[in-house]
J.: 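This structure is in structure tokens; I'll ask about it shortly.
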Amino acid sequence: MRGVLLLVLLTLTLIPLDPLTGEPPIQNRLDAHVSQGRLMETVRDLSLFHGRQSGTPGGEAAAAYLQRRLPQASLQSFPIRALQICPPVKVSLTAGGHTKRLQNTSDFIPILNGAQAHLASVQVVFVGYGIADSVLGLDEYAGLSVSGKVVLFLRGQPKGYTGRGTHREKVRTARAKGAVAYLTVTGPLLTPYEHRRGMSQRPMAFYGEDPAEALPGLWIAPAVADTFLVPVRITLESFQKDMDRALSPRSVETGSVMTIEMDQSQSNADAANVLGLWPGSDPDLRHETIILGAHYDHFGVQDGTVFPGADDNASGSAVLLEVARVLAAAEAKPKRSILFLALAGEEQGLLGSRFYVAHPARPLSDTKAMINVDHAGVGTGKLTVGLSRLEKVTAQAAADTVGLGAQLELFGLFPGGDHVPFAEAAIPTAAIVSSGPHPDFHQPTDTPEKISPDILASATRLTLSLVWALANAGL
């Protein structure tokens, strides 16, 4: 009994006390109500909605689920294009005299862009990173004809290139040069940012270019790309190393050919952001807003395969719902109002967040911060936070208050995610993700059993502490 009493006293001495009341900060009292069981239940529930693709019945069902669980909830609808890859997709390659039938999800995943492909024995040309920029000294199409052929290019750009090789620009270039399809692949040499965000080399589901300018595309596995390159005796790794040593075109006809049979359908539809409001208590500050956001959409059912999206982003949606539940259960009233914003259309290019910023439910001039939670359920146990116009000391203090300070990794603005349109509108933002590898990112293997309840709960506790701090701080 004496030992238990000593442990309780020691624990109390480690909790910082409010200097005015002499009690633990309210974040600690709220923190105790975070439930791993409820978080995991939400992840499992959201993973059942047929991949939650915006503009489909699965997306509508997910929106209704969220609406039932948020305070003063409403829907904000906007138009969207729903894209479907029709089964079966058939792909084969012939390299070095050997033909192989490729398997969807393991060898390749089709790019969602509405493009059809009925190609038989088409030559494949390796165009490096797919960059054609004579001004900055890298034209990987120089002296090469790709008309009527399939081009293969790596994601990203080489170290020495000072421009920005976007996927859309690469496809636009390939189309202008006469290519009939493209393959893209992630090389083994990742950038520090890609390591930090847990990027894998596996093929991923991806919304590509606008259907009006689309080419049929496949995201392929590195082993498949290296098979194409066998006849020319290079590998992705050797190519990347050579490019990093000396920036110059190394494009080449591979001598390989491929066959692609793929149909995609597209339809005009509606998607919906789900908005929930927790009103502030201070008469002078309740008109000001702290937004807690998370996208709930994913890739739906493609080529007959369901993409459950447990980590991306049922996890962030679960965090959003749990913060709302804890505040309501505790009847905790911050000074400023909190807007819970479950966003649609993120995977198609941040459509939901861009629509909200253009049509805000509460004035952007009174929006003091936006916190975005995305893929927060797997990794190393640490939490990565990217900040824009928010001081690192603010995020660190919120983490310290709930005992998560040692797990925090702080950086500047992340270039991707639903926080970006808010940052572009000069609103302070914080993007919260779980640190380390996310090996099932944009994969049909992103399932609830891969989620760590401990990591998800830590992300929720940090989010709750930061939201509360911002909703009550003297901003």
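Hydrogens, waters and symmetry mates play no part in the numbers below; they use all other heavy atoms, side chains included. Because the structure is predicted, anything quoted here is derived from the model rather than measured.
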J.: Show me, pair by pair, the donor-acceptor contacts under 3.5 angstrom made by side chains of residues 210-221, not counting sequence neighbours?
T.:
unit_1, atom_1, unit_2, atom_2, d
Asp210, OD1, Ala212, N, 2.8
Glu213, OE2, Arg172, NH2, 3.3

J.: Within the supplied structure, the quantity of interest is the number of heavy atoms (other residues, nucleotides, ligands) at a distance under 6.0 Å from Arg286 CZ; does it exceed 12?
T.: yes

J.: Determine, using ring centers only, whether Phe299 and Tyr207 are less than 6.0 Å apart.
T.: yes

J.: Name the residue from Val34, Val373, Leu383 that meets the side chain to side chain contact (heavy atoms under 4.5 Å, CB included) definition with Thr463.
T.: Val373

J.: What I'd like to find out is whether the side chain of Gln84 reaches to under 4.5 Å of the side chain of Gln264, using heavy atoms alone.
T.: no

J.: Can you tell which of Val323, Ile371, Ile290, Leu292 makes a side chain to side chain contact (heavy atoms under 4.5 Å, CB included) with Leu466?
T.: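 By the side chain to side chain contact (heavy atoms under 4.5 Å, CB included) criterion, Leu466 pairs with just one of Val323, Ile371, Ile290, Leu292: Ile371.
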
J.: Phe307 vs His298 aromatic rings, parallel, tilted or perpendicular, using cut-offs 30° and 60°?
T.: tilted

J.: Would you say His167 has more than 12 foreign heavy atoms packed within less than 6.0 Å of its NE2?
T.: yes

J.: Please check: side-chain N/O of Arg69 versus main-chain N/O of Leu321, any donor-acceptor pairing under 3.5 Å?
T.: no

J.: Gln27 vs Thr401, test: side chain to side chain donor-acceptor pair (under 3.5 Å). Steps then yes/no.
T.: CA-CA 7 Å; Gln27 287 103 311; Thr401 299; 4.7 Å; no

J.: Where do Ala324 and Pro71 come nearest, in terms of heavy atoms and distance?
T.: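 Looking at all heavy atoms of both residues, the shortest contact is CB-CD, 4.2 Å.
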
J.: If you take all heavy atoms of Leu408 and Ala395, which pair is closest and at what distance?
T.: CD2-O, 3.7 Å

J.: Are any of the side-chain heavy atoms of Pro188 and Gln240 separated by less than 4.5 Å?
T.: yes

J.: Judged by atom type as modelled, is there a donor-acceptor pair below 3.5 Å linking the side chain of Gln302 to the main-chain atoms of Ile85?
T.: yes

J.: To the nearest 0.5 angstrom, please state how far the CD1 atom of Ile338 sits from the CG atom of Leu341.
T.: 13.5 Å

J.: With side chains defined as the heavy atoms from C-beta onward, is the minimum distance between Pro421 and Tyr356 less than 4.5 Å?
T.: no

J.: Can you confirm whether more than 12 heavy atoms, excluding those of Arg68, are under 6.0 Å from its CZ atom?
T.: yes

J.: Roughly how far apart are Gln443 CD and His438 NE2, rounded to 0.5 Å?
T.: 13.5 Å

J.: Could you check whether any side-chain N or O of Arg52 sits under 3.5 Å from a backbone N or O of Tyr296, counting only pairs where one atom can act as donor and the other as acceptor?
T.: yes

J.: Looking at CG of Asp282 and CZ of Arg336, how far apart are the two atoms once the value is rounded to the nearest 0.5 Å?
T.: 8.5 Å

J.: Please check if the side chain of Gln407 supplies one atom and the backbone of Gly381 the other of a donor-acceptor pair under 3.5 Å.
T.: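 Confirmed, Gln407 side chain pairs with Gly381 backbone.
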
J.: Grab the two heavy atoms, one from Tyr65 and one from Thr42, that are nearest each other, plus how far apart they are.
T.: OH-CA, 3.7 Å

J.: State, with a plain yes or no, whether a side-chain heavy atom of Trp468 is found less than 4.5 Å away from one of Leu327.
T.: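 Result yes, sub-4.5 Å side-chain heavy-atom pair found.
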
J.: Whether the side chain of Lys170 engages the backbone of Gly156 through a donor-acceptor N/O pair (distance < 3.5 Å, no angle test) should be reported.
T.: yes

J.: Taking C-beta and beyond as the side chain, do Pro279 and Lys333 meet within less than 4.5 Å on heavy atoms?
T.: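 Pro279 vs Lys333: side chains touch.
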
J.: Given the rule in the side chain to side chain contact (heavy atoms under 4.5 Å, CB included) test, do His50 and Thr56 qualify, once you have shown the distances and angles that lead to the verdict?
T.: CA-CA 9 Å; His50 306 289; Thr56 69; over 6 Å; no

J.: Does a side chain donor of either Asp312 or His295 reach within less than 3.5 Å of an acceptor in the other side chain?
T.: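 A donor-acceptor contact under 3.5 Å links the two side chains.
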
J.: For Leu470 and Leu390, what are the C-alpha separation, side-chain angles and deciding distance, and is it a side chain to side chain contact (heavy atoms under 4.5 Å, CB included)?
T.: CA-CA 10 Å; Leu470 292 172; Leu390 277 178; 4.0 Å; yes

J.: Check whether Ser47 reaches the backbone of Thr447 with its side chain - one donor and one acceptor, N or O, closer than 3.5 Å.
T.: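 Looks like no, no N/O pair under 3.5 Å.
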
J.: Main chain of Ala115, side chain of Asn113: is a donor-acceptor contact present, judged purely on distance under 3.5 Å?
T.: yes

J.: Step by step, would you call Val385 with Leu387 a side chain to side chain contact (heavy atoms under 4.5 Å, CB included)?
T.: CA-CA 6 Å; Val385 180; Leu387 299 169; 3.6 Å; yes

J.: Please check: side-chain N/O of Asp297 versus main-chain N/O of Glu347, any donor-acceptor pairing under 3.5 Å?
T.: yes

J.: Look up atom CG in Leu343 and atom CD in Gln76, then write down how far apart they are to the nearest 0.5 Å.
T.: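 CD of Gln76 is found 8.5 Å from CG of Leu343.
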
J.: So do Phe153 and Val171 actually touch side chain to side chain, heavy atoms under 4.5 Å?
T.: yes

J.: Between Thr429 and Asn372, is there a side-chain heavy-atom distance shorter than 4.5 Å?
T.: no

J.: What's the shortest heavy-atom distance between Gln201 and Gly187, and which atoms?
T.: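 Where Gln201 meets Gly187 most closely, the heavy atoms are NE2-C, 3.4 Å.
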
J.: Check Leu66 against Ala342 and note the closest heavy-atom contact, atom names and distance.
T.: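 Closest heavy-atom pair between Leu66 and Ala342: CD1-CB, 3.9 Å.
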
J.: Going by salt bridge (charged side-chain N to carboxylate O under 4.0 Å, His left out), name the pairs with one or both residues in residues 434-451, residues two or more places apart or in two chains.
T.: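 For residues 434-451, and leaving out neighbouring residues, the salt bridge (charged side-chain N to carboxylate O under 4.0 Å, His left out) pairs sorted by first residue read Arg202-Asp440, Asp440-Lys450.
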
J.: So which atom in Asn273 and which in Gly352 form the shortest heavy-atom distance, rounded to 0.1 Å?
T.: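 Residues Asn273 and Gly352, closest heavy atoms: ND2-O, 3.0 Å.
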
J.: About how many Å separate NE2 of His419 and CE of Met370, when rounded to the nearest 0.5 Å?
T.: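 Met370 CE to His419 NE2: 8.5 Å, rounded to 0.5 Å.
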
J.: Do the side chain of Arg81 and the main chain of Gln266 share a donor and acceptor less than 3.5 angstrom apart?
T.: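 No, the answer is negative, given that no donor and acceptor are paired below the 3.5 Å cut-off.
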
J.: Ignoring hydrogens and angles, state whether a donor on the side chain of His118 or Glu261 is under 3.5 Å from an acceptor on the partner side chain.
T.: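 The criterion, which ignores hydrogens and geometry beyond distance, is satisfied for Glu261 and His118.
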
J.: List the steps and the verdict of side chain to side chain contact (heavy atoms under 4.5 Å, CB included) for Val91 and Thr259.
T.: CA-CA 6 Å; Val91 180; Thr259 295; over 6 Å; no

J.: Report yes if the side chains of Val357 and Phe422 come closer than 4.5 Å at any heavy-atom pair, otherwise no.
T.: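 The answer is yes; the side chains approach within 4.5 Å.
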
J.: In terms of the angle between their ring planes, are His359 and Phe355 parallel, tilted or perpendicular, with boundaries placed at 30° and 60°?
T.: parallel

J.: Do Thr460 and Glu322 have side-chain atoms, one donor and one acceptor, less than 3.5 Å apart?
T.: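 Checked: Thr460/Glu322 side chains show no N/O donor-acceptor pair below 3.5 Å.
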
J.: Hey, is the main chain of Lys100 close enough, under 3.5 Å, to the side chain of Ser92 for a donor-acceptor pair?
T.: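 Judged by distance alone, no pair lies under 3.5 Å.
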
J.: As an exercise, state the distance from CD of Gln396 to CD of Glu391, rounded to the nearest 0.5 Å.
T.: 13.0 Å

